[in-house]
Amino acid sequence: MSWSGVRSGLDLLRRLPRVSLANLRPNPGAKKKEKRRGRGIHGGKKSGRGHKGQTQRGNRPRLGFEGGQTPFYIVIPKYGYNKGHSNRRQYQPLSLNRLQYLIDLGRVDPCEPIDLTQLVNARGVTIQPLKRDYGIQLVEEGADNFAAKINIEVQWASELAIAAIERNGGTIITGFYDPRSLDVLCKPVPFFLRGQPIPKRMLPPEELVPYYMDAQNRGYLADPAKVQKERLILAKKYGYILPDISKDVMYTMLTMRKDPLQIFFGLAPGWVVNLPEKKILKPSDEELCRYYRDEL
């Protein structure tokens, strides 16, 4: 571009007005005048409601009203499998394929015990206790490709998913969390900032006690000796050699377990975590200690 062209462009910019709020205008035809409704002869007739009837007079029926005929929710009969549907516990699925993906990305550290806190922080699952979520269920999708050695705690697990983890030398345990403990476990930082003591985990309801006491399900209330026997039985069933974790360099991590009343690894019920000062306050009153040890 020649110098004369530059000078003519600068002269044009000097002559043009500066853009400001005072001279900003919409394009012609971009804005249309809003129609005035409900003013009678002064700009409206029926306000868009049409002629007479329920919809014009404003006394519309309630939602679900079908004009007097028997409504849908009464016509359809009640079936047994729908009984108590609003109170059923839900477990969000987590596949082994997804778990391996999180480990490969570095979102989940396989050198530390894995529970709901790590999985929620890694955005592997979303848990909503207010919507009857009671944790996660580990499903067997991707069992052939799973190669990590981990110590994981879930709330429900299939037999093939348990076999896929133990085949690699890992360990798995299923544990129950009541809604309050589940909310604390999924969102620990907001809870710690409130300065409240860590609550003790409640025991499962009566109908779930057999599941969490069964060694086949690797329940957290099961006898450890029976769990070891079931590990050998499962290895024979699926045809793999069970690794001896007692000689593993990660033996301490692989055998780390929570107490049935404990929510976090390394933090006992009744302790207060002070995040701003990075301190942990422990109860000294004997009665409080007995309460959190469930001796009262």
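Quantities reported herein were computed from a predicted structural model and do not represent experimental measurements. For this chain, numbers begin at 1 and follow the sequence in order. Atom set for the values below is all heavy atoms of this structure, side chains included, hydrogens, waters and symmetry mates excluded.
Here the side chain of Gln137 pairs a donor or acceptor atom with the backbone of Tyr91 at under 3.5 angstrom. Under a 3.5 Å cut-off, the side chain of Asn27 and the backbone N or O of Ala30 do not form any donor-acceptor pair. Judged purely by atom type and a 3.5 angstrom limit, Arg201 has no side-chain atom pairing as donor or acceptor with the backbone of Ile263. Distance alone, capped at 3.5 Å, places no donor-acceptor pair between the Thr171 side chain and the Asn151 backbone. In this structure, Glu277 contributes its side chain and Asn274 its backbone to no donor-acceptor pair below 3.5 Å. Side-chain atoms of Glu166 do not come within 3.5 Å of backbone N or O of Arg231 as any donor-acceptor pair. Here the side chain of Tyr212 pairs a donor or acceptor atom with the backbone of Gln155 at under 3.5 angstrom. Looking at Gln262, its side chain does come within 3.5 Å of a backbone N or O of Phe264 through a donor-acceptor pair. For Asp109 (side chain) and Cys111 (main-chain N/O), a donor-acceptor pair under 3.5 Å exists by modelled atom type.
Environment of OH in Tyr251: sparse, with no more than 12 heavy atoms of neighbouring residues, nucleotides or ligands closer than 6.0 Å. Atom CD of Glu206 has 12 or fewer heavy atoms from other residues, nucleotides or ligands within 6.0 Å. Few gaps surround CE on Met253; more than 12 heavy atoms of other groups in view lie less than 6.0 Å from it. Residue-environment remark: CZ (Arg123) stays at or below the threshold of 12 foreign heavy atoms within 6.0 Å.
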Show me the side-chain donor-acceptor pairs of residues 173-183 shorter than 3.5 Å, one per line, residues at least two apart or across chains.
from   : atom 1 : to     : atom 2 : distance (Å)
Thr174 : OG1    : Asn217 : O      : 3.0
Thr174 : OG1    : Arg218 : O      : 3.2
Tyr177 : OH     : Glu153 : OE1    : 2.8
Tyr177 : OH     : Glu153 : OE2    : 3.2
Tyr177 : OH     : Lys258 : NZ     : 2.8
Asp178 : OD1    : Ser181 : OG     : 2.7
Asp178 : OD1    : Met202 : N      : 3.0
Asp178 : OD2    : Arg180 : N      : 3.4
Asp178 : OD2    : Ser181 : N      : 3.2
Asp178 : OD2    : Ser181 : OG     : 3.4

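Residue pairs meeting the salt bridge (charged side-chain N to carboxylate O under 4.0 Å, His left out) criterion with at least one partner in residues 233-250, sequence neighbours excluded, are Lys149-Asp248, Glu159-Lys237. Screening residues 129-139 for salt bridge (charged side-chain N to carboxylate O under 4.0 Å, His left out) gives no qualifying pairs among residues at least two apart or on separate chains. Counting only residues at least two apart or on different chains, the salt bridge (charged side-chain N to carboxylate O under 4.0 Å, His left out) pairs with a member in residues 6-16 are Asp11-Arg14.
Annotation: cation-pi pair Lys200/Tyr291 present, NZ/CZ under 6.0 Å from the ring centroid and within 45° of its normal.
Under the side chain to side chain contact (heavy atoms under 4.5 Å, CB included) criterion, Thr126 pairs with Gln128, not counting sequence neighbours. Under the side chain to side chain contact (heavy atoms under 4.5 Å, CB included) criterion, Leu63 pairs with no residue at all, not counting sequence neighbours.
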(request) Using the side chain to side chain contact (heavy atoms under 4.5 Å, CB included) rule, take Arg167 and Tyr238 through it: C-alpha gap first, then chi angles, then the decisive distance, then the call. (result) CA-CA 9 Å; Arg167 179 190 60 193; Tyr238 286 96; over 6 Å; no
(request) Carefully, step by step, assess Val273 and Leu275 under the rule side chain to side chain contact (heavy atoms under 4.5 Å, CB included). (result) CA-CA 6 Å; Val273 178; Leu275 284 184; 4.0 Å; yes
(request) Could you check Phe192 against Ile198 for side chain to side chain contact (heavy atoms under 4.5 Å, CB included), going step by step and ending with a plain yes or no? (result) CA-CA 8 Å; Phe192 292 152; Ile198 301 173; 4.3 Å; yes
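Between Tyr211 and Trp156, the distance separating the two ring centers is shorter than 6.0 angstrom. Ring centers of Tyr101 and Phe146: at least 6.0 Å apart, outside the cut-off.
Atom-to-atom distance recorded for Ile114:CD1 and Ile150:CD1 is 4.5 Å, nearest 0.5 angstrom.
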